[in-house]
Amino acid sequence: MICTLCPRKCGALRTAEGGKGFCGMPETPVIARAMLHQWEEPCISGTRGSGAVFFSGCVLGCVFCQNGKISRDRFGKPVTAARLREIFEELIAQGAHNINLVSPTPFVPAILEALEAPLPVPVVWNTGGYERVETLRQLEGRVQIWLPDLKYADNALAKRYSGAGDYFETAAAAILEMYRQSGDYVLEDGLLRRGVVIRHLLLPGGLANAKAVMDWVAEHFRPGQVLFSLMSQYTPQPGAEGLLSRRVTAGEYRASLAYMENLGITDGYCQDSSSAKEEYTPEFDLQGI
């Protein structure tokens with residue numbers, strides 16, 4: 001496969017044996033963990049957990065990534081599309097409220113094959129937001145819940161921290177496409193059945209960026225259309241320097257919450273400071289694969 005799935009359109013030749021593109025992944029899906037995940041937003045995790053499948057590799061290069069073992073180091077186990085389908089069904093048998101595909105973009109063709117027959121629970125596309133609209137359109141009808149980050153409105157910051165100087169316009173267009181496909185969010189008994197949840201991780205010193213992200217959300221969506229999740233779980237990673245070497249301050253988070261409220265963004269979630277802990281990152285040990 002000559003790959004143009006992600007916005008980098010690197011044109012790498014990806015085969016079952018390997019790949020030399022930005023993500024470094026073969027055409028065959030590589031997975032590091034499949035589990036019932038209890039730490040997503042309440043409408044995703046519910047009471048029994050979200051059926052999370054953590055894919056290896058990533059189309060971004062975030063220096064602060066908490067999943068560096070699988071995104072940068074590319075740890076994981078290759079599986080076939082048939083085995084991927086079995087993993088989905090096993091998670092559903094364990095009680096998963098949904099199937100949550102985490103950083104899945106490099107493996108769209110195999111995922112489409114695995115989802116050829118509809119599942120009895122919603123499918124969640126859990127992504128950093130850096131997506132091609134053309135790729136997302138291939139997923140129409142197969143994905144019911146979109147869980148994108150909107151990491152940056154500041155492209156200089158996006159280039160510095162994630163190596164993606166076109167992040168904002170790319171992610172904004174992707175989120176609008178996600179909303180086109182899903183429509184207004186639908187909750188049933190506290191669980192999301194369809195819709196978009198836009199996540200923003202507040203970074204140390206990133207209050208101006210967070211405000212600009214929220215400005216965009218408030219400008220493009222009315223109450224009842226999408227959910228917004230303001231996250232405070234940033235945890236400094238080994239080797240972090242400058243602002244990224246510290247956690248978000250209580251003052252920064254209070255200011256971001258106040259700004260969110262003043263904009264009228266009331267549909268969604270926020271985290272408390274206890275979320276900024278390493279134990280919220282799963283152990284990537286190939287369980288469930």
In Å and rounded to the nearest 0.5 Å, what is the [atom1] to [atom2] distance from [X] to [Y]?
{"X": "Trp39", "Y": "Gln233", "atom1": "CH2", "atom2": "CD", "value": "11.0 Å"}
{"X": "Asn155", "Y": "Ser162", "atom1": "CG", "atom2": "OG", "value": "10.5 Å"}
{"X": "Ile92", "Y": "Ile99", "atom1": "CD1", "atom2": "CD1", "value": "4.5 Å"}
{"X": "Ile145", "Y": "Leu192", "atom1": "CD1", "atom2": "CG", "value": "4.0 Å"}
{"X": "Thr135", "Y": "Leu5", "atom1": "OG1", "atom2": "CG", "value": "5.0 Å"}

task: Could you check Arg199 against Glu41 for salt bridge (Lys or Arg N to Asp or Glu O under 4.0 Å), going step by step and ending with a plain yes or no?
output: CA-CA 10 Å; Arg199 287 173 160 174; Glu41 285 76 5; 2.7 Å; yes
message: Within the structure provided, determine whether Leu203 and Leu243 are in side-chain contact (heavy-atom separation under 4.5 Å).
response: no
- prompt: Is the count of non-hydrogen atoms from other residues, nucleotides or ligands lying under 6.0 Å from Glu261 atom CD greater than 12?
  reply: no
field: Donor-acceptor contact present, side-chain Ser182 to main-chain Arg194, <3.5 Å
entry: no
message: Can you tell me how the ring of Tyr161 sits relative to the ring of Phe64, calling it parallel under 30°, perpendicular over 60° and tilted otherwise?
response: perpendicular
- request: Apply side-chain contact (heavy atoms from CB on, under 4.5 Å) to Glu86 and list each qualifying residue two or more places apart in sequence or on a separate chain.
  value: Arg83, Glu90
message: Between Glu134 and Arg137, does any side-chain N to carboxylate O distance fall below 4.0 Å?
response: no
